[in-house]
Amino acid sequence: MVKVEKFIPKAIDRIKEKAKGKTIVGLSGGVDSSVCAVLANRALEDMFFPIYIDTGLMRKGETEVIEEIFSDMNLQVIHAKDRFLEALVGVKDPEEKRKIVGETFIRIFEEEARELEAEYLIQGTIYPDKIESEGGIKSHHNVGGLPERIDFKEIIEPIDDLYKDEVREVAKALELPDEICERMPFPGPGLSVRIIGEVTEEKVDVVREANAIVEEELLEQFKPWQTFAAVIGKGTGVKGDVRVHGWIVAVRAVGSRDGMTAEALELPWETLKKIETRISGEIPSVARVLYDLSPKPPATIEFE
Ligand code: XMP
């Protein structure tokens, strides 16, 4: 296990040694990039520029939380929802969607880097990412592979020797709030992988609300490794006295060690009922709520 009191000053020194000019970091709201941002801020002060892109595919309140936590760090927030949604119009294929989100992300990041004349990039790569990409597994997990596409003098990876639980320890020592330290994994392409078929603003709004309800009901009490909701299609329902063609929302809650395999959590019936009642009550366009029992394999954790 990492000795945080030694690791932090060493990481700061390493950043100071390597970054000799303007340096940027892409903040995602996850623990890895947040730790990198705090370390870089301590090392570089006003030569450091954190950038957060609000893709419109983020969870409820995510952008506001990031803005607040990093408000004293000169955080640049780029609101790019329309650009992402426009790029995704008519696209149904899961891999195509992933590629479009990654590409759009890179383009915006490139534009910002050029504008700032930043020569150094800090990335929140951690040890398992390095191993998995070297082994050719899970390459899709780093959105777009930023370093291959943008010219930087140097890419600095201050936490590439740490495992996730070690990063969480460092995050605590850096006094990042619990909501960052304990954050569940969230996929780079955001809520788009929780929508089957075309991504539309309406579906994103439904899935965002449903995700928030599921997190509220399950996170604290059941401590799942990951939990969320997905919009998987439309089906017939009855609301009031009227037949409706409403959204079908699937709820997922899994236990896992590292995301490579997973088991559906055995949730109490009353918890499932409460989630169903809240989702179909609070989101009028939802007609049906399902609970996904599938382990990984054969399913994956996300729906796409
Ligand atoms: P799957 O769905 O492959 O997911 O069983 C395993 C873990 O990886 C996350 N995930 C992603 N993370 N970009 C990411 O950064 C992606 O494209 C992506 N796809 C899945 C997923 O949320 C789970 O934690």
Side-chain angles (χ1 to χ4, degrees), residues 25-36 52-55 57-59 62 66 84 87-88 91 93-106 109 123-133 135-149 157 159-160 163-165 167-168 180 182-196 199 204 207-208 210-212 214-215 218-219 223-232 250-265 292-304:
V25 68
L27 265 170
S28 68
V31 65
D32 305 340
S33 60
S34 298
V35 162
C36 285
Y52 169 80
I53 301 176
D54 178 358
T55 60
L57 302 166
M58 317 305 287
R59 284 170 290 188
E62 195 138 38
I66 304 298
F84 279 87
L88 287 164
V91 185
D93 179 73
E95 284 313 307
E96 187 71 5
K97 277 166 32 181
R98 235 187 198 97
K99 221 173 93 203
I100 289 171
V101 174
E103 287 272 345
T104 310
F105 196 89
I106 292 162
F109 207 76
Q123 282 222 125
T125 313
I126 64 171
Y127 190 64
D129 297 340
K130 216 166 54 177
I131 299 304
E132 276 162 6
S133 36
I137 321 164
K138 283 213 275 188
S139 60
H140 63 287
H141 283 211
N142 300 320
V143 177
L146 284 174
E148 285 158 36
R149 307 291 300 271
E157 299 183 321
I159 55 171
D160 64 347
Y163 284 95
K164 195 73 158 192
D165 50 346
V167 181
R168 293 193 199 281
I180 296 281
E182 305 302 337
R183 214 154 184 80
M184 267 193 305
F186 184 61
L191 296 174
S192 72
V193 297
R194 299 178 180 172
I195 291 170
I196 304 273
V199 176
V204 177
V207 88
R208 183 182 294 112
N211 265 268
V214 168
E215 288 191 18
L218 299 182
L219 268 188
K223 312 245 178 307
W225 190 82
Q226 199 166 8
T227 189
F228 58 86
V231 169
I232 61 170
V251 174
R252 189 106 169 102
V254 296
S256 178
R257 203 171 56 88
D258 50 13
M260 304 295 277
T261 59
E263 287 293 331
L265 293 193
D292 184 355
L293 300 177
S294 325
K296 174 182 179 177
T300 52
I301 296 177
E302 302 288 348
F303 276 70
E304 282 199 340

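Order of appearance sets the numbers: ligands from 1, and atoms from 1 within every ligand. Hydrogens, waters and symmetry mates are skipped; everything else that's a heavy atom, side chains included, is used.
- Atoms of ligand 1 lying under 4.0 Å from any heavy atom of T300, numbered from 1 in the order shown and given with element: 1 (P), 2 (O), 5 (O).
- Atoms of ligand 1 found under 4.0 Å from any heavy atom of K296 (numbered from 1 in listed order, with element): 1 (P), 3 (O), 5 (O), 6 (C).
- Between T104 and A87, the closest heavy-atom pair is OG1-CB, 3.9 Å.
- Residue Q226 places at least one N or O, backbone or side chain, under 3.5 Å from an N or O of ligand 1.
- Taking a cutoff of 4.0 Å between a charged side-chain nitrogen and a carboxylate oxygen, R59 and E215 qualify as a salt bridge.
- Taking the side chain to side chain donor-acceptor pair (under 3.5 Å) definition, one finds that S256 meets it with nothing, sequence neighbours left out.
- Against a heavy-atom cut-off of under 4.0 Å, P189 is close to the following atoms of ligand 1: 13 (N), 16 (C), 17 (O).
- For R208 (side chain) and M58 (main-chain N/O), a donor-acceptor pair under 3.5 Å exists by modelled atom type.
- Not one N or O on the side chain of E96 forms a donor-acceptor pair closer than 3.5 Å with the backbone of V91.
- In terms of polar-atom proximity, defined here as any N/O pair under 3.5 Å, I301 does make such a contact with ligand 1.
- Counting the atoms of ligand 1 from 1 in the order shown, those under 4.0 Å from a heavy atom of G188 are 12 (N), 13 (N), 14 (C), 15 (O).
- For ligand 1, the atoms sitting less than 4.0 Å from at least one non-hydrogen atom of P185 are 24 (O), numbered in the order shown with element in parentheses.
- Contact atoms of ligand 1 toward W225: 24 (O) (distance under 4.0 Å to a heavy atom of the residue).
- Between A210 and A229, the closest heavy-atom pair is CB-CB, 3.6 Å.
- Taking every non-hydrogen atom of R98 and a distance limit under 4.0 Å, the qualifying atoms of ligand 1 come out as 16 (C), 17 (O), 18 (C), 19 (N), 20 (C).
- For E182, the side-chain contact (heavy atoms from CB on, under 4.5 Å) test picks out R168, K172, with sequence neighbours left out.
- At a 4.0 Å heavy-atom cut-off, ligand 1 touches P187 through backbone and side chain alike.
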